[in-house]
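Below: one structure, written as structure tokens.
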Amino acid sequence: MNRQLIYALALASGIIPVQAAGRQTDKVKTTFQTSREWRPTIDNRGDAVMVYGVGGNPSDARRGVPFEERVRSWKERGYTVHFMTGIAWGEYQDYFTGEWDGRRHLDEGQVTMQGDTIWHGHMVPYIVPSENFLKYLKERHISRVIDAGIDAIFMEEPEFWARGGYSDSFKREWKKYYGFDWRPQHESPENTYLANKLKYHLYYNALNEIFTFAKEYGRKKGIDVKCYVPTHSLVNYSQWQIVSPEASLASLPCVDGYIAQVWTGTSREPNYYEGKAAERVFETAYLEYGSMESMTAPTGRKMFFLTDPIEDRAKDWEDYKRNYEATFTAQLLYPNIADYEIMPWPERIYEGLYRKSADSEEKARIPRFYSTQMQVMVNALNSMPVSRNKVSGTPGISVLMANSLMFQRFPVHEGYDDPQLANFYGQAIPFVKAGIPVKTVHMENLGFEKTLADTKVLLMTYSNMKPLDKEAHRHIADWVRKGGVVVYSGTDTDPFQGVREWWNTDGMNYPTPSAHLFETMGISSVPAEGEYACGKGTVYVLRTDPKDYILKKGGAARLMSVVDRLFREKARGGKLEYKNSFHLRRGPYDVIAVVNEGVESTPYTVRGKFIDLFDPSLPVVAEKNVAPGSQALLYDVDRVADRKKPQILASASRAYDEIRTKGSYSYVAKSPAQTHNVSRVLLPRKPKSVKVDGRDVTDLSAWDAASRTYLVEFENSPEGVKVNFEF
């Protein structure tokens with residue numbers, strides 16, 4: 001059944017509340033995950049906390065505090081408490097060792113061709129989600145957290161490694177799903193495709209089972225349980241050779257939303273441009289967040305964007321800070337998303353020991369200047385508005401994606417390689433480097449009317465993915481006939497073109513899926529390179545696999561030239577603006593990124609009255625020059641909604657109990673212990689006195705007359721610091 005129809009029927013039947021069809025309306029804007037009980041050093045003041053695991057986190061050596069006590073400790077501090085655990089791995093040793101049902105289940109791990117189990121931790125394999133395992137999750141975990149009063153469940157990372165698929169449990173699932181005996185995936189492209197479709201189905205089914213149970217169990221308890229999927233982007237899973245349900249989850253009425261798990265660890269994965277493989281953290285993060293936004297946009301379900309001030313791999317504090325700024329900026333360039341997971345694992349961020357610099361082996365806790373800057377950034381998220389403004393640059397160019405991007409990644413067949421997902425990046429990176437805010441479009445969403453509404457030129461290929469049904473071609477053809485432009489790149493010679501699928505079975509006899517697409521659009525089924533008319537629209541065929549646009553120096557010139565002309569002449573989109581920067585205004589915030597390797601190497605300059613939020617001293621600057629390869633987050637004092645109202649404009653703490661009178665302004669500031677607070681406060685005039693916890697700290701040199709702001713500093717406390725201004 002068409003996913004759009006499934007969703008519509010779910011709405012009509014009341015399975016999904018009507019408000020779920022639009023933006024979610026709960027009060028949780030910022031959240032974070034931790035396996036620990038509340039402690040003063042990790043009290044980061046998000047709206048909600050996702051307490052991780054009934055038994056904790058498998059990688060956490062300090063487990064032991066019971067789940068209910070951890071929940072209680074955060075509730076007592078005023079947090080909304082939710083629950084998070086893994087669907088593909090977790091603290092589930094009692095299942096694998098036989099404690100739960102008297103039978104060992106280590107044979108249910110994901111296994112490679114060499115017979116090695118893929119482990120996530122000690123006695124914690126990545127799981128082939130059997131019916132029995134799902135029964136265990138429901139009984140031992142889901143029902144327990146709902147009994148504890150939890151009304152939101154986050155089941156993270158539905159992951160099946162592409163190199164897995166050789167265990168006895170997977171063979172049993174194969175026979176059950178396909179009706180014939182298991183076939184080794186390394187022996188043919190078709191076997192690989194079948195194996196990955198099954199992996200995809202297993203976690204789609206697993207989430208459906210768990211979430212449906214959670215909602216039904218919650219109803220019996222009088223609790224309206226919301227269910228979310230924290231997941232890496234389709235870009236990352238495809239690049240890391242992992243299979244996951246991704247966009248298909250939108251067809252499940254039991255899914256209320258998602259967390260886009262994008263951070264330095266995913267975004268620093270190298271990709272190619274101009275023949276060079278390198279980390280391009282901002283560009284990759286921008287595309288990752290974009291793929292998550294477009295995956296869910298038609299459904300209106302809630303989306304949290306995640307960033308991490310550090311990452312899983314042991315690096316140094318300078319590295320973490322630089323890449324945190326890059327990913328943080330990338331997420332803010334999507335003005336329709338304003339809900340955030342502000343950090344995972346605050347215990348490792350605030351208390352972990354990492355190298356001071358790349359050339360030093362000395363380890364230390366997070367530097368004070370970095371924790372201050374990080375908390376300023378986090379508090380900006382607490383007030384970050386949704387905005388109707390658009391990112392600077394020419395909109396209207398989109399790259400088509402499909403879940404089957406994950407199906408062709410491993411192993412390599414017939415010598416056809418797609419290094420570092422180059423067939424995807426080849427269509428996207430050249431435009432990002434040219435300052436064009438390219439978007440992604442999910443093939444699975446084409447049935448939704450607005451999916452292509454903002455697209456003028458759609459870039460696509462079947463060199464790295466295949467359509468899972470023929471309906472997608474009808475939607476594309478209808479859009480082109482109304483005036484859309486498709487640029488199709490591909491030789492259609494990769495070994496997956498001939499897998500046994502809908503285009504060559506049940507009376508269909510097309511040599512490739514693109515042959516059906518072209519015929520649907522009324523042109524030759526195997527067109528030569530060139531331009532073709534389709535109704536009011538245009539199809540341009542480039543007989544080049546997109547990977548060649550970035551694996552070769554100068555390889556993207558032909559693509560860029562074709563798109564430039566078609567955008568002007570056929571899509572009537574005007575002239576493409578080439579630059580090396582992205583700039584977005586969101587309320588009082590200015591979000592800026594400048595790429596290197598771009599069409600120019602000059603810095604991007606803005607002038608005004610700005611607080612520099614990436615500088616922990618929070619200076620007021622009249623001019624900001626952002627160099628290529630760097631980013632900026634600025635607060636424009638001149639865009640404050642009510643300049644006469646005393647208020648905190650930027651702070652490394654969160655304010656509570658604000659009181660304003662004719663001649664005073666006071667509040668209580670809360671933030672983690674062992675961190676330093678810097679706040680810039682807007683006042684109607686120079687203060688006569690400034691007190692912190694009753695102690696006079698007035699310093700007239702801290703007053704900036706041009707912005708009418710005062711800079712106050714003190715040691716943070718989760719118990720609260722009372723700040724009082726008199727003027």
Side-chain angles (χ1 to χ4, degrees), residues 267-268 270-287 289-290 322-323 325-335 389-399 422 425-439 456-457 459 487 546 548-568 571 573-585 589-608 610 612 614 621-634 636:
S267 301
R268 78 183 322 149
N271 48 46
Y272 284 88
Y273 180 65
E274 289 288 293
K276 179 184 177 182
E279 291 183 8
R280 296 178 173 90
V281 175
F282 165 76
E283 293 87 340
T284 304
Y286 177 77
L287 293 169
Y289 287 118
R322 181 177 64 256
N323 290 310
E325 290 174 357
T327 55
F328 193 92
T329 303
Q331 74 170 346
L332 294 181
L333 289 174
Y334 290 92
N389 292 342
K390 304 295 184 184
V391 178
S392 64
T394 312
I397 297 176
S398 301
V399 178
Y425 284 115
Q427 298 175 96
I429 286 286
F431 293 95
V432 178
K433 289 294 188 183
I436 295 170
V438 65
K439 300 292 187 182
K456 296 181 182 298
V457 176
L459 310 178
V487 176
D548 291 330
Y549 298 146
I550 54 174
L551 293 178
K552 300 176 181 178
K553 189 172 179 60
R558 175 70 172 145
L559 172 68
M560 299 292 285
S561 174
V562 167
V563 171
D564 185 289
R565 181 181 64 82
L566 294 175
F567 193 85
R568 285 184 286 108
K575 185 178 180 180
L576 285 176
E577 179 187 2
Y578 297 103
K579 51 188 175 56
N580 68 343
S581 63
F582 297 92
H583 186 179
L584 173 67
R585 292 182 174 89
Y589 297 98
D590 279 56
V591 186
I592 301 167
V594 182
V595 298
N596 56 10
E597 305 174 302
V599 295
E600 52 190 0
S601 57
T602 55
Y604 183 81
T605 302
V606 289
R607 296 176 178 85
F610 301 111
D612 189 343
F614 283 175
V621 298
E623 179 177 286
K624 179 70 176 180
N625 295 303
V626 187
S630 62
Q631 305 81 33
L633 177 62
L634 307 173
D636 189 337

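The residues of the chain are indexed from 1 along the displayed sequence. Values below: all heavy atoms of this structure, side chains included; hydrogens, waters and symmetry mates excluded.
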Spacing of [X] atom [atom1] and [Y] atom [atom2] [to the nearest 0.5 Å]:
X	Y	atom1	atom2	answer
K553	Y273	NZ	OH	9.0 Å
L566	S561	CG	OG	9.0 Å
N625	R607	CG	CZ	7.5 Å
F610	I592	CZ	CD1	6.5 Å
D548	L559	CG	CG	11.5 Å
K624	Y604	NZ	OH	14.0 Å

When you compare the side chain of [Y] with that of [X], does any pair of heavy atoms fall below 4.5 Å?
X	Y	result
Y589	L332	no
Y286	P437	yes
L287	V438	yes

Quiz item: Do the charged groups of E597 and R280 touch, with an N to O distance under 4.0 Å?
Solution: yes
Tell me the closest heavy-atom pair linking [X] and [Y], and the distance in Å.
X	Y	value
E283	V432	CG-CG1, 3.7 Å
D590	H583	OD2-NE2, 2.7 Å
L333	V391	O-CG2, 3.1 Å
A571	V457	CB-CG2, 4.2 Å
F328	Q331	O-CG, 3.0 Å
K579	V599	O-CG2, 3.3 Å

Between [X] (side chain only) and [Y] (backbone N and O only), is there a donor and an acceptor less than 3.5 Å apart?
X	Y	value
K433	N596	yes
T394	E577	yes
N580	E600	yes
E274	G554	yes

Quiz item: Once the angle between the rings of Y289 and Y334 is folded into 0 to 90°, is it parallel (under 30°), tilted (30 to 60°) or perpendicular (over 60°)?
Solution: tilted
Practice problem: Name the orientation class of the two ring planes belonging to F582 and F282 (parallel below 30°, tilted from 30 to 60°, perpendicular beyond 60°). | Solution: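 Judged by the thresholds at 30° and 60°, the geometry between F582 and F282 is tilted.
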Quiz prompt | Stepwise side chain to side chain contact (heavy atoms under 4.5 Å, CB included) check, N271 with I550 | solution = CA-CA 9 Å; N271 48 46; I550 54 174; 5.8 Å; no
Quiz item: After noting the C-alpha distance and the side-chain angles of L584 and N389, does the key distance pass the side chain to side chain contact (heavy atoms under 4.5 Å, CB included) rule?
Solution: CA-CA 7 Å; L584 173 67; N389 292 342; 3.9 Å; yes
Quiz item: Centre of Y578's six-membered ring, under 6.0 Å away, within 45 degrees of the axis: is that where NZ or CZ of K575 sits?
Solution: no
Practice problem: Step by step, work out the side chain to side chain contact (heavy atoms under 4.5 Å, CB included) result for T329 and F614. | Solution: CA-CA 10 Å; T329 303; F614 283 175; 3.6 Å; yes
Self-check item: Over 12 non-hydrogen atoms of neighbours within 6.0 angstrom of NZ in K456
Solution: no
